[in-house]
J.: 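The structure is given below, and queries will be raised subsequently.
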Amino acid sequence: MDPVGVAAAAPPEAGPGPAWQSKCPWGAPKPTSISCSLADVMSEQLAKELQLEEENAAFPEVVAVAEGPFITGENIDTSSDLMLAQMLQMEFDREYDAQLRREEKKFNGDSKVSISFENYRKVHPFDSDSSEDEVDWQDTRHDPYRADKPTTTPKKGFIGKGKDITTKHDEVVCGRKNTARMENFAPEFQVGDGIGMDLKLSNQVFNALKQHAYSEERRSARLHEKKEHSTAEKAVDPKTRLLLYKMVNAGMLETITGCISTGKESVVFHAYGGKSTNEDDKVIPPECAIKVFKTTLNEFKNRDKYIKDDYRFKDRFSKLNPRKIIRMWAEKEMHNLTRMQNAGIPCPQVVILKKHVLVMSFIGQDQVPAPKLKDVKLSSEDMKKAYYQILNMMQRLYKECSLVHADLSEYNMLWHDGKVWLIDVSQSVEPTHPHGLEFLFRDCRNVSQFFQKGGVTEALNERELFNAVSDLNIAADNEVDFQAEIEALEKVNEDHVQKHGKKVSAFPSDGDPPIYDE
Ligand code: ADP
Ligand code: MN
């Protein structure tokens, strides 16, 4: 068939666009040729693009590092390590401050006069010098808020004569002066036009307002600070850090060198493997990748679909809380990798699973991860080789592992040792999943588009590829009919399952029993 014609074919559902498009605060993204089914909203490529935009807006420099094609020797030693060091320092400072607060409380007890340890704090939310000018403001000679508009009192401290004498403590003068000083509060503090309406603020009211302005200023400084820290906090929370420390302490990992990737759902670190501590003496690879599934839940909401409808998880899903569901993602990736490993598909080898942290072998060398297919420039010879290898892997994945990758694209294939390695299989499902065949079709579309654009003339179009992988021999010669047939097949399967109450145990064909932690 004509590959060009297929590649140029319009997507079937060129509707108004998915929900995220209208919500996107950075404006409507440029139209892509990707169709707009729910399945596509979950595609990594799309997620990556959105995330990149989002992160570029929030953290310009950090993203440049995290999203670079791959980490090179130079930035490993600086950016990732710097981030880790900062994280550790920050955590240390926080703990120090917490301890200081406890000591301060203990020291002061119920005493009316208290001593502040503020100056010894490591993390300063806002450098305020408020304590001094609480009294200072009354002294006109050193008035830090000197305003132009109200009449000033001369040095002698009074104006006028006899009973018309007005001292600097005169209520009206002071009131106006206070109003003018209010203008000097932090710009974000809305004071209104007090001068214009000749507002006179008593000292007491002014003091209260000033106090409030200060605390507002501090609060906003704290909020801002949080925002900046969240880049690092995106990496790992204290509980995860503890898990990682434990692995290092146990000698299983030698050192954790730095962060390879921060995505929406996971953060991946590089580590040097340590000595085996397993009873079964599983050899720990010299270099490991640690995939930490994020325990912040909102990103995972969209992905419920993959797990909820997966028969292997059906009985368990409804009873689980979100934290456990995230552990299940990690567990799922482990099981899927194990199946692939058993079928001889090049993929990371599972080392251990602890809660939401999955340790596997590192694809790459000397801390440099293998490049994604999207980032590597292959010769036409290698490109062709890669294509046939992927075709073969997709077939084996389907037939031998009974899996559909469900996020297969040039983003999740690494080029290493002259071949393609598959990664990122936490969302992979069995072909009998209610949307399994749709996911497979999308995978096929990504793969055939990538290789057709890459100049592999032998590359099958997405429909041919789908049939070659699944042996389903769908005859439709256009995308719309093809997809309709796929959905019909899914329906038949679903009905069959409903009728026969197919009960499938969690992981029927995995060689290894799951590694559950304490
Ligand atoms: P995500 O769900 O965030 O896409 P991935 O499993 O795809 O998670 O990992 C993100 C990135 O981390 C990958 O694109 C790859 O660059 C790197 N990576 C993940 N696992 C490994 C590994 N075993 N070896 C080397 N690099 C890896
Ligand atoms: Mn990925």
Side-chain angles (χ1 to χ4, degrees), residues 43-45 47-49 51-52 65-73 75-76 80 257-273 285-293 333-334 336-341 343-351 358-379 381-397 401 403-428 443 446-451 453-454 456 459:
S43 111
E44 176 165 356
Q45 194 162 344
K48 278 267 147 68
E49 279 165 21
Q51 191 198 349
L52 206 68
V65 173
E67 290 296 325
F70 56 94
I71 290 178
T72 62
N75 55 19
I76 267 181
S80 326
T257 61
C259 176
I260 305 168
S261 148
T262 49
K264 277 233 183 267
E265 288 105 12
S266 71
V267 184
V268 180
F269 294 96
H270 170 275
Y272 283 109
E287 289 186 78
C288 294
I290 308 170
K291 186 164 177 178
V292 177
F293 288 75
E333 175 133 33
M334 176 191 73
N336 292 341
L337 282 175
T338 309
R339 282 193 195 185
M340 289 160 71
Q341 195 79 40
I345 294 171
C347 67
Q349 187 197 337
V350 173
V351 176
L358 178 66
V359 182
M360 56 189 145
S361 64
F362 179 71
I363 314 300
Q365 212 188 344
D366 298 332
Q367 300 185 34
V368 182
K372 300 179 185 92
L373 270 198
K374 90 172 176 61
D375 293 322
V376 78
K377 187 88 199 86
L378 295 183
S379 67
E381 190 69 7
D382 277 345
M383 199 70 173
K384 197 167 134 184
K385 194 170 128 192
Y387 172 73
Y388 281 111
Q389 196 205 327
I390 289 165
L391 173 62
N392 180 266
M393 286 198 293
M394 287 176 84
Q395 287 172 330
R396 265 190 292 164
L397 193 62
C401 307
L403 282 177
V404 169
H405 188 290
D407 196 5
L408 191 65
S409 74
E410 58 275 24
Y411 284 77
N412 282 328
M413 296 190 267
L414 306 183
W415 181 254
H416 180 61
D417 264 355
K419 62 181 171 189
V420 179
W421 298 65
L422 294 189
I423 59 162
D424 201 0
V425 291
S426 61
Q427 74 292 317
S428 302
D443 285 354
N446 290 341
V447 168
S448 68
Q449 276 179 6
F450 177 76
F451 284 98
K453 274 187 200 148
V456 178

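Values reported hereafter were calculated over all heavy atoms of this structure, with side chains retained and with hydrogens, waters and symmetry mates removed.
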J.: Sequence neighbours excluded, which residues qualify as side chain to side chain donor-acceptor pair (under 3.5 Å) partners of E287?
T.: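 For E287 the side chain to side chain donor-acceptor pair (under 3.5 Å) partners, ignoring immediate neighbours, are H270.
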
J.: Please confirm whether the backbone N or O of L403 pairs with a side-chain atom of R339, one donor and one acceptor, at under 3.5 Å?
T.: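 A pair under 3.5 Å: no.
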
J.: Quick check: does any side chain N or O of S428 sit under 3.5 Å from a backbone N or O of H405, one acting as donor and the other as acceptor?
T.: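 Between the backbone of H405 and the side chain of S428 there is a qualifying donor-acceptor contact (under 3.5 Å).
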
J.: Side-chain contact, heavy-atom cut-off 4.5 Å: L378 with L373?
T.: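 They are in side-chain contact.
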
J.: Would you say the side-chain atoms of Q349 pair up with the backbone N or O of S361, donor to acceptor, closer than 3.5 Å?
T.: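 Checked: no pair found.
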
J.: Which residue pairs satisfy the salt bridge (charged side-chain N to carboxylate O under 4.0 Å, His left out) criterion with at least one member in residues 408-420, sequence neighbours excluded?
T.: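 Qualifying pairs, neighbours excluded: none.
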
J.: Give a yes or no answer on whether the side chain of N412 reaches the backbone of I423 with a donor-acceptor pair at less than 3.5 Å.
T.: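 Checked: no pair found.
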
J.: For Y387, enumerate each residue passing the side chain to side chain donor-acceptor pair (under 3.5 Å) test, keeping only those at least two apart in sequence or located in another chain.
T.: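 In terms of side chain to side chain donor-acceptor pair (under 3.5 Å), with neighbours along the sequence ignored, Y387 is linked to no residue.
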
J.: Is a side-chain N or O of Q427 found less than 3.5 angstrom from the main chain of D424, in a donor-acceptor match?
T.: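 Yes; at least one donor-acceptor contact below 3.5 Å.
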
J.: Quickly, which of M340, Q341, M393 forms a side-chain contact (heavy atoms from CB on, under 4.5 Å) with P346? Name it, please.
T.: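 Going through M340, Q341, M393 one by one, the side-chain contact (heavy atoms from CB on, under 4.5 Å) with P346 is satisfied by M393 alone.
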
J.: Mind checking whether I345 and L397 have side chains closer than 4.5 Å, heavy atoms only?
T.: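 Yes, side chains in contact.
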
J.: Do C259 and V267 have side-chain heavy atoms sitting under 4.5 Å apart?
T.: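 The answer is yes, as the side chains (C-beta and beyond) meet within the 4.5 Å cut-off.
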
J.: Looking at G418, is its backbone amide N or carbonyl O close enough to the side chain of K385 to form a donor-acceptor pair, meaning the two atoms are under 3.5 Å apart?
T.: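 Confirmed, K385 side chain pairs with G418 backbone.
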
J.: Within a strict 4.5 Å, meaning less than it, do heavy atoms of the V350 and P348 side chains meet?
T.: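 SC-SC contact between V350 and P348 ruled out.
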
J.: Taking the side chain as every heavy atom from C-beta outward, state whether F450 and M413 have any pair of such atoms under 4.5 Å apart.
T.: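 They are not in side-chain contact.
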
